[in-house]
There are 2 protein chains.
Amino acid sequence: MTASTHPEQPGPPPRRSDATRRAILAAARERFASDGYERATIRAIARDARIDPSMVMRYFGSKEGLFAAAVALDLRLPDLTGVPRDEVGRALVTHFLGLWEENEELTAVLRVGATNEAGAERMRGIFQEQLLPVARQACPDPEQVPARAALCAAQLLGLALTRYVLRLPPARALAREELVAWLGPTVQRYLTAPNP
Amino acid sequence: MTASTHPEQPGPPPRRSDATRRAILAAARERFASDGYERATIRAIARDARIDPSMVMRYFGSKEGLFAAAVALDLRLPDLTGVPRDEVGRALVTHFLGLWEENEELTAVLRVGATNEAGAERMRGIFQEQLLPVARQACPDPEQVPARAALCAAQLLGLALTRYVLRLPPARALAREELVAWLGPTVQRYLTAPNP
DNA sequence: AACGTAGGCCAACAAGTGTTGACTTCACTT
DNA sequence: AAGTGAAGTCAACACTTGTTGGCCTACGTT
């Protein structure tokens, strides 16, 4: 441990290659979202980013490393403490729809999660660390939180699957307000209704 | 057109290779279900079936041909005309759960549908040809059938996704009766409730 | 018994994959 | 202005993929 060791932890020092790194990540997100993990090739991503495939390896180590870096998923789920108790369903659905519309990373993780075991593990982590805490705020009985959160996940991911991945025409035709009106009560019930 | 042309249409003539064909199809279903389209290699399927990869090509032409032959999906959806009007939701969920538990083809199509455009197209076909007619029986307004069927598909496929593909622990922990009790009313509402 | 044909295996191809290492070029510090 | 290290390029590697054609074997018909 000499004085030459400089701190790297807090703020990552700006590198001259940051522009390239960002280009790679953007291209990777797009390819992973539209092609899934296996068919999104490093060569295609590099071509999109207008650099050499070896740069991808240099900066991200491997294809798995690139995927991990490309989709650092934060659902930014809203704090439900300020929301009226009978509005949490609609609030969640609204938030999810906005998220999916603007963010193609979500399609990428869902596609990869359906194909790749590592991707599935990542989705389980997202569920555990991001959806569970929110469900805890809305669900009275702590014992039942995981089950009820899983029901919500099924409904919301099913919507994403049919609308953004499988692209069922009727699922795409529904307007956002309509979806909120239909799914909101469902999610609300899964979170707050008494056991059926 | 000579007399030597024998009829092939009605009953496919039994071939000596039928056992092999069945072995290939069984192995293919398993691989497609667990690995998805891209990672399920013809070589691995052939190895499982204990034959040479070239036989797969001989009998099914190509990988796409094999997939098409392996998953000839028939949901065998029940006729709802005999079911009481307020029971169709529970009936559908029950049927779906039974189907998924016993049949790994469904996991295969879902996995492939999420990855592959051809697979997605196939799922759209299944929706159109198998789910829509059933929804027509339960939904009063013909105009709204596609939208309401899409909502049901979202809920049911979301359940399959979380439970059988992503394998979220809480989604797996729920018993079948519990799932029917939770999802039945949801599907029921999507099909028969007045517009929200 | 001879034969035609379908079932099956082997070896190989061309294409595409992730990944590696050596080389050149550029920007910045001293 | 020289030198140092990063940024970027090129070519190749080892491997896997779907797919093909030639060859041998054994059944079923005549």
Side-chain angles (χ1 to χ4, degrees), chain A residues 4-6 8 12-28 31-32 34-71 108 111-112 115-119, chain B residues 2-6 8 12-28 31-32 34-71 108 111-112 115-119:
Chain A
S4 70
T5 64
H6 42 58
E8 296 179 325
R15 281 158 300 196
R16 191 152 41 97
S17 59
D18 277 350
T20 305
R21 295 176 120 93
R22 271 193 303 273
I24 294 176
L25 289 176
R31 284 282 175 181
F32 281 132
S34 64
D35 294 349
Y37 186 80
E38 338 282 340
R39 303 199 353 192
T41 70
I42 289 192
R43 283 173 157 89
I45 293 170
R47 203 178 317 128
D48 290 357
R50 303 174 167 279
I51 46 93
D52 192 89
S54 63
M55 304 303 297
V56 178
M57 306 303 297
R58 190 184 264 282
Y59 292 145
F60 300 99
S62 69
K63 188 178 181 180
E64 286 215 25
L66 171 63
F67 178 73
V71 290
R111 270 216 160 88
V112 175
T115 315
N116 195 279
E117 173 53 27
Chain B
T2 76
S4 69
T5 62
H6 41 58
E8 294 177 326
R15 279 157 301 196
R16 191 151 40 98
S17 59
D18 278 350
T20 305
R21 296 176 120 93
R22 271 194 302 273
I24 294 176
L25 288 176
R31 285 282 176 181
F32 281 131
S34 64
D35 294 350
Y37 187 80
E38 338 283 340
R39 303 200 349 193
T41 70
I42 289 193
R43 283 172 157 88
I45 293 169
R47 203 178 318 127
D48 290 357
R50 303 175 167 279
I51 45 93
D52 191 89
S54 62
M55 304 302 298
V56 179
M57 306 303 296
R58 189 183 264 279
Y59 292 145
F60 300 99
S62 69
K63 189 178 182 181
E64 285 214 27
L66 172 64
F67 178 72
V71 291
R111 271 216 159 89
V112 175
T115 314
N116 193 279
E117 172 52 27

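Just so we're on the same page: letters track the sequence lines, and every chain starts at 1.
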Next item on the list: Take A:Gly61 and B:Asp52, find for each the nucleotide of DNA chain C with the closest heavy atom, and name the residue whose nucleotide sits nearer the 5' end.
Entry: B:Asp52
Item checked: Integer-rounded Å distance: C:dT17 P and B:Glu38 CD -> 12 Å
Notebook entry, point to check: Base, sugar-phosphate alone, or nothing: which one does B:Ser54 contact when heavy atoms must sit under 4.0 Å apart?
Noted result: base
Margin query: Is there a side-chain contact between A:Tyr37 and A:Asn116 in this structure, where contact means two heavy atoms from C-beta onward sitting under 4.5 Å apart?
Written below: yes
Margin query: In whole Å, I'd like the distance from the CG atom of B:Asp35 to the C1' atom of D:dT17.
Written below: 14 Å
Note to self: Can you tell me whether the side chain of B:Arg16 and the base of D:dG28 have a donor-acceptor pair closer than 3.5 Å?
What the structure shows: no
Margin query: I need the CZ-P distance between A:Arg58 and D:dA7, as an integer number of Å.
Written below: 8 Å
Note to self: With rounding to the nearest 0.5 angstrom, report the CZ to CG distance, B:Arg43 to B:Asp52.
What the structure shows: 9.0 Å
Next item on the list: Give A:Thr20 one of three labels, base, sugar-phosphate or nothing, depending on what nucleic acid heavy atoms sit under 4.0 Å from its own.
Entry: sugar-phosphate
Check: Across the strands shown, which category fits B:Phe60 at heavy-atom distances under 4.0 angstrom: base, sugar-phosphate, nothing?
Finding: nothing
Note to self: Can you measure B:Ile42 atom CD1 to D:dG18 atom P for me and round it to whole angstrom units?
What the structure shows: 5 Å
Item checked: Euclidean distance, atom CE of residue A:Met55 to atom C1' of C:dT20 [Å, nearest integer] -> 14 Å
Notebook entry, point to check: Atom CZ of B:Arg15 to atom P of C:dT5: distance rounded to whole Å?
Noted result: 18 Å
Check: Does the base of C:dG18 carry an N or O that pairs as donor and acceptor with the side chain of A:Arg43 under 3.5 Å?
Finding: yes
Notebook entry, point to check: Under 4.0 Å: is that the gap between some side-chain N or O of B:Tyr59 and OP1 or OP2 of C:dA6?
Noted result: no
Check: Rounded to whole angstroms, how far apart are CZ on A:Arg47 and P on D:dT9?
Finding: 14 Å
Checklist line | Whole-Å gap separating P (D:dG8) and CD1 (A:Ile51) | finding: 8 Å
Notebook entry, point to check: Just wondering, do B:Leu66 and B:Ile45 contact through their side chains at under 4.5 Å, heavy atoms?
Noted result: yes
Notebook entry, point to check: Should B:Phe32 and B:Val71 count as side-chain neighbours, where that means a heavy-atom distance under 4.5 Å?
Noted result: no
Check: So, for A:Gly36 and A:Arg111, which heavy atoms are closest and what is the spacing to 0.1 Å?
Finding: N-CD, 3.9 Å
